[in-house]
Amino acid sequence: MTETGRTAVVTGASRGFGRAIATALAGAGAAVTGVARDQAGLDSLRAELGSSFTPVIADAADPVVAGQIIDACRPGLLVLNAGAAPLPRPIQRHTWETFSRNWDVDVRHVFHWTREALLAPLDPGSVVITLSSGAAVRGSPLSGGYAGAKATVRFITAYAASEAERDGLGIRFVSLLPQLTPVTGLGAAAVAAYAAREGIEVGAYLDRTGPALTAEQAAQAVLDLAAGDEAGPGAYLLTAAGLSPAP
Ligand SMILES: NC(=O)c1ccc[n+]([C@@H]2O[C@H](COP(=O)([O-])OP(=O)(O)OC[C@H]3O[C@@H](n4cnc5c(N)ncnc54)[C@H](OP(=O)(O)O)[C@@H]3O)[C@@H](O)[C@H]2O)c1
């Protein structure tokens with residue numbers, strides 16, 4: 001754990017990848033602030049992790065929340081993980097409102113927090129890691145605007161990296177593109193929808209896709225990226241086999 005990584009903020013920490021990331025960071029010695037809307041999820045994580053974890057019950061897509069938490073915590077590591085579960089339906093069964101859900105949550109929150117990180121600015125050596133998705137590369141035909149939203153998360157991260165470099169801020173911005181995995185609520189719903197679409201059981205679908213990425217592997221990838229080097233690529237695919245530069 002680098003010195004700057006000792007103070008971390010993780011959005012979407014109440015369950016799934018975010019919970020595993022907060023747990024791994026606390027285990028590595030960081031003071032972690034976790035943001036989510038579900039009080040019970042955050043309270044149980046606080047009970048597990050003790051005083052190394054500070055829960056904040058809030059909407060991560062609210063610009064005031066982003067500004068307040070960046071100002072109060074000045075994180076050396078900011079993990080922008082919060083994301084909405086898309087409604088798993090083919091395109092014609094989406095309305096504009098269901099299609100754009102991930103723009104309203106995932107993209108909006110990455111936009112606000114990234115902007116605050118640049119404007120603060122966070123200290124030199126700080127790292128901002130955003131959760132994009134393998135869907136940003138491959139598409140996700142049963143997830144409405146999800147894949148496009150996640151591609152935009154990757155773009156925002158790359159734009160911020162270049163602004164940080166132009167201004168000599170020393171803040172590293174990296175996006176992580178995990179493969180679809182059934183180990184979280186969001187992933188399980190998508191896997192069930194794709195299996196149903198093909199008329200096969202979830203188990204048969206998963207047999208074809210190979211070993212499932214675990215939440216602990218996602219958390220370890222975040223720790224590895226946080227400790228990674230300045231000159232590395234700005235975006236990484238993550239599968240059960242590990243990290244690789246994203247195409
Ligand atoms: N699982 C996969 O297969 C997969 C693959 C690629 C990328 N991802 C990405 O990884 C990230 C985590 O996904 P996951 O699979 O762990 O999903 P998850 O289990 O559904 O967890 C999502 C987390 O985001 C939080 N969240 C959602 N809206 C929020 C808001 N407005 N404000 C604050 N927190 C909010 C949720 O907390 P509350 O509901 O308590 O607010 C929850 O903690 C997402 O960005 C997702 O798109 C997942």
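We number each residue from 1, following the sequence as shown. Ligands are counted one by one from 1 in listed order, and the atoms in each one are counted from 1 as well.
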(message) Within the 4.0 Å heavy-atom shell around Gly185, which atoms of ligand 1 are there?
(response) 19 (O)

(message) Can you tell me which portion of Leu180 lies within the under-4.0 Å heavy-atom range of ligand 1? Options are side chain, backbone, both, or neither.
(response) both

(request) Could you tell me if any non-hydrogen atom of Ala85 lies under 4.0 Å from any atom of ligand 1? (result) no

(message) Counting only heavy atoms closer than 4.0 Å, does ligand 1 sit against the backbone of His109, its side chain, both, or neither?
(response) neither

(message) Which residue in the set Thr114, Asp104, Thr11, Asn81 passes side chain to side chain donor-acceptor pair (under 3.5 Å) when paired with His109?
(response) Thr11

(request) For Arg19 and ligand 1, answer yes if some heavy atom of the residue is under 4.0 Å from a ligand atom, otherwise no. (result) no

(request) Taking only heavy atoms of Ser14 into account, list the atoms of ligand 1 that are under 4.0 Å away from them. (result) 36 (C), 37 (O), 38 (P), 40 (O), 42 (C), 43 (O)

(request) Verify the distance criterion only: is there a donor paired with an acceptor across the side chains of Ser44 and Arg19 at less than 3.5 Å? (result) yes

(message) To the closest 0.5 Å, what do you measure between CG (Leu213) and CD (Gln179)?
(response) 5.5 Å

(request) For the pair Trp103 (side chain) and Gly145 (backbone), establish whether a donor and an acceptor sit closer than 3.5 Å, ignoring hydrogens and angles. (result) yes

(message) For atom 17 (O) of ligand 1, what's the nearest protein heavy-atom neighbour? Residue, atom name and distance, please.
(response) Leu186 CB, 3.4 Å

(message) With heavy-atom distances below 4.0 Å as the criterion, list the atoms of ligand 1 near Gln179.
(response) 3 (O), 5 (C)

(message) Under 4.0 Å, heavy-atom basis, I'd like to know which part of Ala58 is in contact with ligand 1: side chain, backbone, both or neither.
(response) backbone

(request) Starting at CZ of Arg154, measure out to OG1 of Thr130 and round the result to the nearest 0.5 Å. (result) 10.0 Å

(request) Working to the nearest 0.5 Å, report the span between NE2 of His94 and CZ of Arg101. (result) 10.5 Å

(request) Nearest heavy atom to atom 22 (C) of ligand 1 wins, so pick from Gly83, Gly134, Ala218, Ser133. (result) Gly83

(request) Out of Val79, Asn81, Leu80, Thr181, indicate the one that has the non-hydrogen atom closest to atom 2 (C) of ligand 1. (result) Thr181

(message) Need the ligand 1 atom indices (1-based, order shown) with element for anything under 4.0 Å from a heavy-atom of Val105.
(response) 28 (N), 31 (N)

(request) Decide whether Tyr194 and Ser140 meet the rule of one side-chain donor and one side-chain acceptor closer than 3.5 Å. (result) yes

(message) Heavy-atom distances under 4.0 Å decide this one: backbone, side chain, both or neither, for Ser132 against ligand 1?
(response) backbone

(request) Give the numbers and elements of all ligand 1 atoms closer than 4.0 Å to a heavy atom of Lys150. (result) 44 (C), 45 (O), 46 (C), 47 (O)

(request) Look at atom CD of Glu48 and say whether more than 12 heavy atoms of other residues, nucleotides or ligands are closer to it than 6.0 Å. (result) yes

